[in-house]
Amino acid sequence: MAKENEDNPKDVWKKLVKKHWKIALIIAAGIACAFIGAIFVFLWRVTGPEAILRYPQTLGLWTVGYLFTLFFDLILWELLIIGIPVIAAAIVIYVIWWKKLSAEEKQEFPNSQKDKRAQRKMSKGRGGGFFNILLTITWLIIISVDGYWDVAFGGWTFIYLVNSILGAFLWDLLILGIPATIVLIWWLTRAK
């Protein structure tokens, strides 16, 4: 069994996900709920009634001070409402699941020592990548469709800017998420 773990750790993880699909489904649902909750908290702090009173509505009136205030406000509320409860729930779910595993199943996990040769090296300073380009193109399409292509930035409202960027991000998640889900299901169900 130990030799199998050293040979192909991906197969071991795949086997564990297949065997414990209920907990994997709970984790996936928890991640999805946390992501949706984070979006709602973001919208509440950026476009809610308090934000409308606190921050200027047109982009021409924004300052660096407003940006820093908004940034720290978002970090605080995301951490309090989403971060701390998600971390606590993850720890509780993991401990309960780990206690239910038999000793043999616990030994099936790949060792934490990683082979240095097998790791893919990450290069630094290569830019944003494909997702940033896709996000920009989607954002430009949304701006064009909404009729803001020839409107000066000073005439935009802050709420429109936030909603258009968030809309582009969600469209791209949908565009990339459907094929990614199909590939994940195929990878989990293919038999060896």
Side-chain angles (χ1 to χ4, degrees), residues 24-94 119-187:
L25 192 62
I26 290 171
I27 291 169
I31 291 170
C33 289
F35 180 74
I36 291 168
I39 289 174
F40 279 124
V41 170
F42 174 79
L43 288 175
W44 168 57
R45 296 310 299 167
V46 171
T47 63
E50 185 178 329
I52 290 173
L53 295 175
R54 181 182 281 183
Y55 306 114
Q57 293 304 299
T58 58
L59 292 180
L61 298 175
W62 274 78
T63 64
V64 175
Y66 286 129
L67 288 176
F68 274 99
T69 303
L70 178 65
F71 178 74
F72 289 121
D73 186 53
L74 284 173
I75 287 177
L76 173 72
W77 286 103
E78 291 284 355
L79 184 66
L80 287 175
I81 296 177
I82 302 297
I84 293 172
V86 166
I87 291 170
I91 291 170
V92 168
I93 289 171
Y94 177 76
Q119 289 182 353
R120 200 173 94 191
K121 292 186 178 182
M122 299 294 288
S123 61
K124 296 179 182 178
R126 295 186 90 201
F130 173 74
F131 191 74
N132 285 346
I133 293 170
L134 182 65
L135 182 66
T136 302
I137 292 169
T138 309
W139 183 65
L140 292 173
I141 290 170
I142 289 174
I143 289 170
S144 177
V145 168
D146 289 346
Y148 277 79
W149 191 263
D150 292 323
V151 176
F153 288 122
W156 290 23
T157 64
F158 178 66
I159 293 173
Y160 174 75
L161 177 67
V162 169
N163 288 336
S164 64
I165 292 173
L166 186 62
F169 178 71
L170 293 176
W171 271 110
D172 289 344
L173 282 184
L174 183 67
I175 291 167
L176 298 176
I178 292 171
T181 303
I182 292 170
V183 168
L184 179 65
I185 291 170
W186 172 78
W187 180 76

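Along the sequence shown, residues carry numbers from 1. The model shown is predicted, which means the values in this text are computed figures rather than measured ones.
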Smallest separation among heavy atoms of Pro85 and Leu79, with atom names: CD-O, 4.3 Å
Ile182 and Ile178: CA distance, side-chain angles, deciding distance, side-chain contact (heavy atoms from CB on, under 4.5 Å) verdict: CA-CA 6 Å; Ile182 292 170; Ile178 292 171; 4.1 Å; yes
Can you name the closest pair of heavy atoms from Glu78 and Ala38 and give their distance? OE2-O, 2.8 Å
Test item: Thr136 side-chain N/O and Asn132 main-chain N/O as donor-acceptor pair under 3.5 Å: yes
For Val46 and Ala51 the tightest heavy-atom approach is O-CB, 3.2 Å
CG (Leu170) and CD1 (Ile165) are apart, to the nearest 0.5 Å, by 12.0 Å
Minimum-distance pair of heavy atoms, taken over all atoms of Leu140 and Trp149: O-CZ3, 3.7 Å
If you round to the nearest 0.5 Å, how far is CD1 of Ile31 from CD1 of Ile26? 12.5 Å
Using side-chain heavy atoms (C-beta onward) and a distance below 4.5 Å, is Phe35 in contact with Val86? no
Compare all side-chain heavy atoms of Ile141 with those of Ile137 and state whether any distance is below 4.5 angstrom. yes
Sequence-distant partners of Tyr66, ring-ring contact (aromatic ring centres under 6.0 Å, His included), two or more places apart: Trp62
For the CG atom of Leu134 and the CD1 atom of Ile175, what is their distance to the nearest 0.5 Å? 6.0 Å
Does any part of the side chain of Phe131, heavy atoms only, come nearer than 4.5 Å to the side chain of Phe169, both counted from C-beta? yes
Can Ile82 and Trp77 be said to form a side-chain contact (heavy atoms from CB on, under 4.5 Å), step by step? CA-CA 8 Å; Ile82 302 297; Trp77 286 103; over 6 Å; no
Residue pair Leu43, Asn163: steps toward the side-chain contact (heavy atoms from CB on, under 4.5 Å) verdict: CA-CA 9 Å; Leu43 288 175; Asn163 288 336; 3.9 Å; yes
Side chains of Ile159 and Ile52, heavy atoms from C-beta outward: is any pair under 4.5 Å? yes
Measure the OG1-CG distance between Thr138 and Leu174 for me, rounded to the nearest 0.5 Å. 11.0 Å
Sequence neighbours excluded, which residues qualify as side-chain hydrogen bond (donor to acceptor under 3.5 Å, both in side chains) partners of Asp146? Tyr160
Which residues pass the ring-ring contact (aromatic ring centres under 6.0 Å, His included) test with Phe153, not counting sequence neighbours? Trp156
To the nearest 0.5 Å, what is the distance between OG1 on Thr47 and CZ on Phe42? 8.0 Å
Could you tell me the separation between the CZ atom of Phe40 and the CD1 atom of Ile81, rounded to the nearest 0.5 Å? 13.0 Å
Evaluate the side-chain proximity of Phe158 to Leu59: yes if any heavy-atom separation is below 4.5 Å, no if none is. yes
